[in-house]
Amino acid sequence: MQYHPTAIQSATRTAETAAVAPPCAMVIFGAGGDLTKRLVAPALYNLVTAKRLPDGFRLIGFDRSLNTVEEWRDSLTRMMDEFVTKCGGEFSADHIDQTAWRWLTDRMSYLKGDITNPQDYGRLKEHLAGLDKTAGTSGNHLFYLAIADRFFSGVVAALGAADMVTEKDGQWRRVVIEKPFGHDLPSAKALNAEILKTLKESQIYRMDHFLGKETVQNIMTLRFANGLFEPLWNRQHIDHIQITAAETVGVERRGKFYEVTGALRDMVPNHLFQLLSLTAMEPPISFDAEAVRDKKAEVIQAIRPMTPEWAMKDAIRGQYDAGTVLGKAVQAYRREPDVASGSNIETYIAWRLQIDNWRWAGVPFYLRTGKYLKRRWTEIAIRFHQAPYTLFRGTHVEQMNPNWMILRIQPDEGISLQFAAKRPGPTVTLDNVRMDFAYESYFAAAPNTGYETLLYDCMIGDATLFQRADNIEAGWRAVQPLLDLWGSSAPADFPNYAAGSDGPAAADERLARDGRAWRPLE
Ligand code: BG6
């Protein structure tokens with residue numbers, strides 16, 4: 001650990017080495033798309049450099065947009081090179097290890113095909129059978145759906161119709177489904193019902209990329225591998241919890257998607273609820289996937305159902321106006337490409353919610369997320385109760401600051417604890433100090449996209465970091481009243497926050513009514 005203000009530099013540790021994944025053929029539907037280029041291919045490359053992929057690994061691209069494997073390889077190689085020359089992408093590296101990259105590209109093949117054409121699945125099936133015989137992929141097939149969500153159920157049904165997902169003779173067949181998983185509770189339920197006609201729950205890997213972040217995974221370790229924190233982790237000691245996912249990006253080129261999505265759907269039932277559930281869940285009986293997912297489902301189910309009256313008071317929506325973000329002038333949401341000039345879509349949401357269980361009764365959880373805010377910052381901030389004042393009455397300590405524990409998810413990943421210390425000198429003057437653990441200075445971790453662990457887990461069959469059908473539905477159930485209310489109420493008073501600010505004033509006022517304040521995005 002590293003302590004502030006007197007820093008004690010700890011020894012640097014390297015990331016642990018794990019076993020090699022079993023042989024398998026991984027098929028990417030949507031091989032020519034952005035997700036494949038920006039995240040999946042770099043993550044696979046990282047798995048190669050970490051020596052986690054077996055000799056019998058093969059990568060099969062399936063798409064309409066490219067013609068040959070050479071074209072596919074070239075487009076991925078160009079993107080990898082760009083990551084080196086232009087920093088700031090999802091993946092960055094100072095060089096590409098050409099031997100590792102060649103290891104991967106040598107194992108690539110490509111099928112030009114249409115996901116809506118049943119015959120193309122027949123060709124894919126034959127191709128996979130060939131690889132199983134000649135390339136040692138052992139009949140294990142991982143299908144990755146990097147495609148628009150409206151095609152999810154069709155592709156799963158087509159895989160079923162072509163008899164490509166039946167597991168036999170110890171050979172596994174798994175399907176990875178990206179978000180968005182549904183658009184609201186009815187559509188999420190319908191999608192679950194549809195894909196469960198073809199697949200067993202154990203074959204479905206519903207992905208939420210927040211769970212690929214090391215710091216998110218570390219929440220469970222922090223809570224359950226230490227004796228120190230868990231005894232304090234409850235209503236007796238915690239005043240409230242703030243969960244923030246502030247972004248400095250706007251909607252970029254995603255206007256079309258965002259106009260039917262908005263910040264609530266895009267971030268809350270999935271990413272923010274992951275952070276919430278890991279923070280608030282009861283200890284599972286083991287780290288087994290079912291045990292963990294049971295506890296996560298329970299805590300989301302314990303979110304107090306919103307009534308329209310509470311929603312009006314406790315959920316605040318915002319939409320960005322023109323402003324300056326990180327020194328750059330940007331335009332209002334309503335001026336973005338593919339966005340309606342009078343759009344009523346929120347780019348910001350703050351929500352005060354309550355978890356009705358023994359541990360958390362009376363402890364508010366404040367969630368907020370938004371685009372074009374002052375700073376890119378994702379954290380979970382736990383505010384402990386004030387110490388009794390009496391001992392220090394008459395000194396300067398009436399303004400004593402509270403204890404916070406901050407789990408910094410990104411950037412600058414780490415954990416800090418804020419507490420009071422006496423300033424050196426003859427009077428009792430208290431100051432706030434910080435004990436700080438920074439990942440970067442403790443672990444020499446290789447750069448990663450966050451998809452490495454998730455892909456590897458699919459290959460080894462560990463579903464702990466994936467969403468079960470009931471987890472997904474519980475998330476949508478909790479936000480549905482808000483979707484209903486905002487969908488049917490009068491248009492909001494948008495735009496109501498300047499790009500580059502902390503968000504709408506109403507979000508500050510909501511906390512002020514509770515005698516609290518958001519942690520500044522400084
Ligand atoms: C995605 C959302 O799921 O998560 C985006 O669709 C958002 O709108 C992104 O920007 C945030 O993820 P990260 O990893 O950049 O914090």
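Keep in mind that the numbers below use all heavy atoms, side chains included, and drop hydrogens, waters and symmetry copies. Residue numbers count from 1 along this sequence. Ligands are counted one by one from 1 in listed order, and the atoms in each one are counted from 1 as well.
Considering only residues two or more places apart in sequence or on other chains, L417 meets the side chain to side chain contact (heavy atoms under 4.5 Å, CB included) condition with M405, M435. The side chain to side chain contact (heavy atoms under 4.5 Å, CB included) check on A315 picks up W351, L482, W486, with sequence neighbours excluded.
Salt bridge annotation for R408-D436: present, with a cationic side-chain nitrogen under 4.0 angstrom from a carboxylate oxygen. Using a cutoff of 4.0 Å between basic side-chain nitrogens and carboxylate oxygens, R293 and D470 are not scored as salt-bridged.
Taking the six-membered ring where the residue is Trp, the centroids of Y320 and Y348 are separated by 6.0 Å or more.
Residue pairs satisfying the salt bridge (charged side-chain N to carboxylate O under 4.0 Å, His left out) criterion with at least one member in residues 185-194, sequence neighbours excluded, are listed as follows: E194-K197.
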Note down each nitrogen or oxygen pair, ligand 1 side and protein side, whose separation is under 3.5 Å; give only atom names and the distance to 0.1 Å.
from, atom 1, to, atom 2, distance (Å)
ligand 1, 3 (O), K179, NZ, 2.7
ligand 1, 3 (O), H271, NE2, 2.7
ligand 1, 4 (O), H271, NE2, 3.3
ligand 1, 6 (O), K179, NZ, 3.1
ligand 1, 6 (O), R254, NH2, 2.8
ligand 1, 6 (O), D266, OD1, 2.6
ligand 1, 6 (O), D266, OD2, 3.3
ligand 1, 8 (O), R254, NH1, 2.8
ligand 1, 8 (O), D266, OD2, 2.5
ligand 1, 8 (O), K371, NZ, 2.7
ligand 1, 10 (O), E247, OE1, 2.5
ligand 1, 10 (O), E247, OE2, 3.3
ligand 1, 10 (O), K371, NZ, 3.0
ligand 1, 12 (O), H209, NE2, 3.0
ligand 1, 14 (O), H209, NE2, 2.8
ligand 1, 14 (O), K213, NZ, 2.6
ligand 1, 16 (O), Q410, NE2, 2.6

